[in-house]
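What follows is a set of notes on a single structure, which appears directly below.
Numbering of residues begins at 1 and proceeds along the displayed sequence. Fair warning: this is a prediction, and the values are worked out from it, not measured in the lab.
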Amino acid sequence: MQNKGGRQLASSLPTAGKITRYKAGDTLISNIRPYFKKIWYAPFEGTCSGDVIVFRANDPSNAPYLHACLRQDSFFDYVMQSAKGTKMPRGDKKQMMEFKVASSCSTKDLILLDSAIKQRSDNDSETVKLQALRDTLLPKLMSGEIDVSKVDLTQLTNNHLSGCGSFCSVCCPSGLASEFHEWFREHFFFGYGHLCKADLG
C-alpha cells in the first residue's frame, strides 16, 4: 500500500506471465509510480507481481539495515529522478542499485532496526484485524441489528467503554449515544481517512 503502508493481498491470481519469488527478510518495492512509496519488509516467503522489485541483502543479518535505507523518502525521490513514463512512471532498476548508503551498520543498530521492523509488522497485523472488525460491526450498529441502547456502561469495569457514560435512544437509528460515537471513532477509525464525523451520523 502507498505511503509505506505495508502489503495488500492480490484480489486475483495471474493466469499468465511471470511472478517473482521472495524470501523472509527481503524488501519489496513496487516499481510502478515510485512516488506512492509502496514498500514492505517480508516476514515470510511468497510470490509477488513482476512489477514489484525484490531487494535481498547479501548477508541476511543486514536485511533490517537494507530495508531502513530503502524506506527513506530520499530513496524514492532518487528513483523518481530517472523514472520513465508519464501516466504510470517506472523506476530505473540500474539507477536504484547506485543509491549510496553506508557500507556497514553496527550490531547495536541492527538489533534496534530489527525490533522496530517486528513492531511495525505487529502493528500492521493489528490494523488488518481492526479493519475487519470495523467492517463487520459498523453496518450492524448503524442498521440497528446490534442494539446497545440498553447497555449500562457505568457498570462495566476494566474496559474502554466504562467511562463513556449512559446511552440515549435518539442519537441514531441504532440508539448509539454520541459518547459512544466518539469512543468508537477513536479506537476503530484512526488512520482511515475515508471515515469522518458525518459517517457516524
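Remark: D59 pairs with S61 by the side-chain hydrogen bond (donor to acceptor under 3.5 Å, both in side chains) rule, at least two apart or across chains. Every residue two or more places apart in sequence or in another chain that forms a side-chain hydrogen bond (donor to acceptor under 3.5 Å, both in side chains) with R56 is listed here: D26. Looking at residues two or more places apart in sequence or on another chain, you find a side-chain hydrogen bond (donor to acceptor under 3.5 Å, both in side chains) between Q95 and S82.
The minimum heavy-atom distance between G85 and P89, with the atom names listed, is O-CB, 3.4 Å. Across all their heavy atoms, P139 and R134 have their closest contact at CD-O, 4.0 Å. When all heavy atoms are compared, the tightest approach of P34 to G91 is CG-N, 3.9 Å.
Between the NZ atom in K23 and the CZ atom in R21 there is a gap of 9.5 Å [rounded to 0.5 Å]. Taken to the nearest 0.5 Å, the CD1 atom of I146 stands 5.0 Å off from the CG atom of L141. To the nearest 0.5 Å, atom NE2 of residue H67 and atom CG of residue L28 are 10.0 Å apart. A distance of 14.0 Å separates CZ in F76 from CD in Q81, rounded to the nearest 0.5 Å. To the nearest 0.5 Å, the span separating CD1 on I53 from CE on M97 amounts to 10.0 Å. The distance from atom OG of S143 to atom CG of L138, rounded to the nearest 0.5 Å, is 9.5 Å.
At least one side-chain heavy atom of I39 sits under 4.5 Å from a side-chain heavy atom of T27. Using a 4.5 Å cut-off on side-chain heavy atoms (C-beta onward), Y22 and C48 make contact. No side-chain heavy atom of T47 sits less than 4.5 Å from a side-chain heavy atom of T20. Side chains of R71 and W40 form no contact here, defined as non-hydrogen atoms less than 4.5 Å apart. At a threshold of 4.5 Å between non-hydrogen side-chain atoms, the residues N31 and V52 do not count as touching. Counting only heavy atoms from C-beta outward, the side chains of Y65 and S104 never approach each other to under 4.5 Å.
Screening residues 104-113 for salt bridge (charged side-chain N to carboxylate O under 4.0 Å, His left out) gives no qualifying pairs among residues at least two apart or on separate chains. Among pairs with a residue in residues 77-92, those fulfilling salt bridge (charged side-chain N to carboxylate O under 4.0 Å, His left out) read D51-R90, at least two apart in sequence or across chains.
Between F75 and F99, the ring planes lie perpendicular to each other; the angle is over 60°, past the 30° to 60° tilted range.
A continuous path of hydrophobic side-chain contacts links M96 to V101 [ILVMFWY only; heavy atoms under 4.5 Å]. Grouping the Ile, Leu, Val, Met, Phe, Trp and Tyr side chains by contacts below 4.5 angstrom, directly or via other members, places Y41 apart from L66.
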Would you list the atom pairs, donor with acceptor, under 3.5 Å between side chains in residues 112-123 and any protein atom, with sequence neighbours excluded?
| unit_1 | atom_1 | unit_2 | atom_2 | d |
| --- | --- | --- | --- | --- |
| D114 | OD2 | K118 | NZ | 3.3 |
| Q119 | NE2 | N123 | OD1 | 3.0 |
| N123 | ND2 | Q119 | O | 3.4 |

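Panel note: side chain Y78, backbone D73; no donor-acceptor pair is recorded below 3.5 Å.
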